[in-house]
Amino acid sequence: MKTVGVAILGLGVVGSGTYTILRDHREFYRRTQDIDLSVECVLEINKQKALALGIEENRICGDIAEVISNPAVDIVVEVIGGVEPARSFVLAALHSGKTVVTSNKELFCKHWHELEAAARRTNAGLYFEASCVGGVPIIRTLIDGMQANVIHSLTGIINGTTNYILTRMAREGAGYAEVLKDAQALGYAEANPSADVDGYDAAYKLSILSSLAFHTKVPLENVYREGISHIALQDIAYGDELGYVLKLLAIGKFDGHKCIEARVHPAFVRKDHPLAAVNDSFNAVYLQGDSVGDIMLYGRGAGALPTGSAIVSDVIYAATHGEAKYSGFKNTEHAEAGIRFVTDFKSRYYVRFTAKDRAGVLAKVAGILAKYNISIAELVQKDGSSESVPIILVTHETTELSVRAAVEKIAALDTVEQVDSVIRVEG
Ligand code: HSE
């Protein structure tokens with residue numbers, strides 16, 4: 001039986017989950033995979049953390065050079081997160097010909113081209129299933145399962161923390177700051193919670209997933225991003241009355257040739273849409289392929305064991321496949337020449353504004369919308385004070401730039417106090 005040596009860089013939530021799986025399933029992998037996965041060393045400055053997991057003291061390293069120079073280490077698992085020092089550690093491992101398995105979406109999204117070039121030079125493996133959508137095998141699906149298809153769209157809930165927060169806000173009316181603390185305690189949230197609530201984490205993942213799905217680099221700079229920190233509880237409640245659930249969606253679209261759309265933002269989806277039922281820290285990705293039709297993958301998008309599951313599956317894949325497989329597209333830093341990124345995308349829109357309760361207000365608003373060729377699908381006036389009332393309208397499909405221009409004009413009306421929120425409606 002082949003013994004394969006593994007090193008784990010970092011024993012945070014994902015590192016600990018990975019170690020636990022490797023330790024507890026060692027015998028199972030011997031039996032089912034005919035390999036012995038041996039954790040040769042861990043790189044962790046907090047020795048107590050390692051000892052608490054049962055790792056022998058002589059396997060705890062404090063310096064990356066010890067890991068790289070250890071001939072028993074074949075596969076380096078990077079679960080430190082962030083760009084540095086993770087990037088230097090991964091490059092050092094690849095330069096020495098060791099295979100790398102990583103969960104680091106920020107590093108991968110920003111430096112994929114550089115890491116892949118380094119891996120190709122030494123024929124080292126480079127695996128990143130755990131970088132996107134936790135334990136859900138979306139990368140393997142895109143690389144191996146959907147190759148027959150032109151994928152025209154990918155719509156996902158790909159951040160567990162924000163989905164957990166939005167679910168609890170909708171269920172309990174809790175404020176997001178309060179629920180964010182619980183998400184941190186459960187090990188879903190990034191070290192800097194802004195990465196989750198401001199949509200960066202989802203944007204990193206969408207950049208990686210769209211590049212694979214559309215066979216061309218979709219750089220982070222071309223992913224439109226909005227987070228959930230400005231979301232008001234009233235909008236979740238009003239949306240519920242209108243038949244919608246609020247989600248942080250990641251949307252990628254491809255015309256099959258040159259036009260790509262990539263955006264992350266909160267959006268209402270109808271309650272009967274499959275993504276509406278994806279709650280708590282669960283993630284899902286809904287794919288549309290030209291031959292297969294619609295596919296949805298669903299599972300835990302964050303947490304120690306689900307993400308550890310993706311890491312260990314990559315470790316097993318690397319240990320049982322001789323030849324490394326790299327991205328099938330031109331993996332450059334920026335987008336390929338000729339690719340056009342659509343920014344004036346189409347959607348429906350929910351707009352809430354506060355207006356004076358007087359004759360003629362709605363006529364003026366309707367006039368502005370008509371000027372921008374925006375058609376109203378629904379309009380609701382809620383109870384307000386004697387002076388001002390909240391008004392909610394939902395448009396038919398229109399374009400982003402028309403809505404932005406119309407909203408600016410509506411906000412400038414002297415009978416409108418303010419435009420409170422603009423939320424896209426998808427699906
Ligand atoms: N913070 C991430 C999330 C962890 O909430 O989805 C998994 O990438």
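On a predicted model such as this, the values are computed, not experimentally measured, just so you know.
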Short side-chain to backbone donor-acceptor contact, N104 and G82, under 3.5 Å: yes
Any side-chain heavy-atom pair of Y188 and R300 under 4.5 Å: yes
Over 12 non-hydrogen atoms of neighbours within 6.0 angstrom of CG in D344: yes
Cationic N near anionic O, under 4.0 Å, E426 to R263: yes
Check: H215 and F254 side chains under 4.5 Å, non-hydrogen atoms: no
Neighbour count above 12 (heavy atom, 6.0 Å) for I45 CD1: no
Cationic N near anionic O, under 4.0 Å, K105 to D201: yes
Option passing side chain to side chain contact (heavy atoms under 4.5 Å, CB included) with L37 (candidates T3, I21, V4): V4
Nearest heavy atoms of M296 and V278, plus distance in Å: CE-CG2, 4.2 Å
Flag for S327-E116: side-chain donor and acceptor within less than 3.5 Å: yes
Between T395 and T398: side-chain donor-acceptor atoms closer than 3.5 Å: no
Test side-chain contact (heavy atoms from CB on, under 4.5 Å) applied to T141 and D144, step by step: CA-CA 5 Å; T141 299; D144 286 333; over 6 Å; no
Considering all heavy atoms, the nearest L142-Q147 contact: O-OE1, 3.2 Å
Counterpart residues, side chain to side chain donor-acceptor pair (under 3.5 Å), relative to N123 (two or more places apart): none
Ion pair R352/D235, N-O distance below 4.0 Å: yes
Between CZ on residue F341 and SG on residue C259, distance to nearest 0.5 Å: 10.0 Å
Test item: side-chain donor near acceptor, Y350 and E378, under 3.5 Å: no
Close side-chain approach of Q184 to L180, heavy-atom, < 4.5 Å: yes
Closest non-hydrogen atom pair, S207 against P219: OG-C, 4.1 Å
Distance, nearest 0.5 Å, that separates CD1 of I392 from CZ of F353: 9.5 Å
Carboxylate-amine/guanidinium contact R31 E27, below 4.0 Å: no
Euclidean distance, E261 CD relative to S153 OG, rounded to 0.5 Å: 10.0 Å
SB check D240 K271 (cutoff 4.0 Å): yes
4.5 Å side-chain heavy-atom contact, I139 and I208: yes
Short N-O contact, D36 and R26, less than 4.0 angstrom: yes
Side-chain heavy atoms of Q33 within contact of T320, under 4.5 Å: yes
Any donor-acceptor pair under 3.5 Å from E78 side chain to G81 backbone: yes
Between H273 and Y286, ring centroids under 6.0 Å: yes
Whether H113 and H111 hold their rings parallel, tilted or perpendicular, with breakpoints at 30° and 60°: parallel
Pair T354, D420: side-chain N/O donor-acceptor within cut-off below 3.5 Å: yes
Beyond-backbone contact of N279 with K247, side-chain heavy atoms, under 4.5 angstrom: yes
Separation between CG of N149 and CD of Q288, rounded to the nearest 0.5 Å: 11.0 Å
Between T20 and D24: side-chain donor-acceptor atoms closer than 3.5 Å: no
Stepwise ring pair (Phe, Tyr, Trp, His ring centres under 6.0 Å) check, Y298 with F282: CA-CA 7 Å; Y298 168 86; F282 281 92; 5.0 Å; yes
Side-chain atoms of residues 303-319: list all donor-acceptor pairs with protein atoms under 3.5 Å, sequence neighbours left out, distances to 0.1 Å.
unit_1: T307; atom_1: OG1; unit_2: G303; atom_2: O; d: 2.8
unit_1: S313; atom_1: OG; unit_2: S309; atom_2: O; d: 2.8
unit_1: D314; atom_1: OD1; unit_2: R140; atom_2: NH2; d: 2.7
unit_1: D314; atom_1: OD2; unit_2: F128; atom_2: N; d: 3.3
unit_1: D314; atom_1: OD2; unit_2: E129; atom_2: N; d: 2.8

Side-chain (E44) to main-chain (N46) donor-acceptor, under 3.5 angstrom: yes
Stepwise side-chain contact (heavy atoms from CB on, under 4.5 Å) check, I260 with V342: CA-CA 6 Å; I260 290 178; V342 180; over 6 Å; no
Heavy-atom donor-acceptor pair, K205 side chain to I158 backbone, under 3.5 Å: yes
Polar side chain donor-acceptor pair, E84 to S88, under 3.5 angstrom: yes
Residues R171 and D280 bridged, charged N to O under 4.0 Å: yes
Close side-chain approach of T343 and F345, heavy atoms under 4.5 Å: no
From I80 atom CD1 to R87 atom CZ, the distance as rounded to the nearest 0.5 Å: 13.5 Å
Lys/Arg-Asp/Glu bridge criterion (N-O < 4.0 Å) met for E336, K217: no
side-chain contact (heavy atoms from CB on, under 4.5 Å) between L11 and I8, worked out: CA-CA 7 Å; L11 285 182; I8 303 177; 4.3 Å; yes
Nearest-0.5 Å distance that lies between atom OG1 in T161 and atom CG in N159: 5.0 Å
Polar side-chain atom of T99 near backbone of G125 as donor-acceptor pair, under 3.5 Å: yes
Evaluation steps, salt bridge (charged side-chain N to carboxylate O under 4.0 Å, His left out), between R404 and E408: CA-CA 6 Å; R404 286 189 197 181; E408 206 180 308; over 6 Å; no
Audit row: L206, L220, side-chain contact (heavy atoms from CB on, under 4.5 Å) steps and yes/no: CA-CA 8 Å; L206 182 62; L220 184 63; over 6 Å; no
R225 side chain reached by D198 side chain, heavy atoms, under 4.5 Å: yes
Lys/Arg N to Asp/Glu carboxylate O, E226 vs R424, below 4.0 Å: yes
Least distance between heavy atoms, A7 atom then V73 atom: CB-CG1, 3.7 Å
Nearest non-hydrogen partners of V100 and A93, listed with the distance: CG2-CB, 3.8 Å
Minimum heavy-atom distance G252-F214, with the two atoms named: C-CZ, 3.5 Å
K409 atom NZ, over 12 foreign heavy atoms within 6.0 Å: no
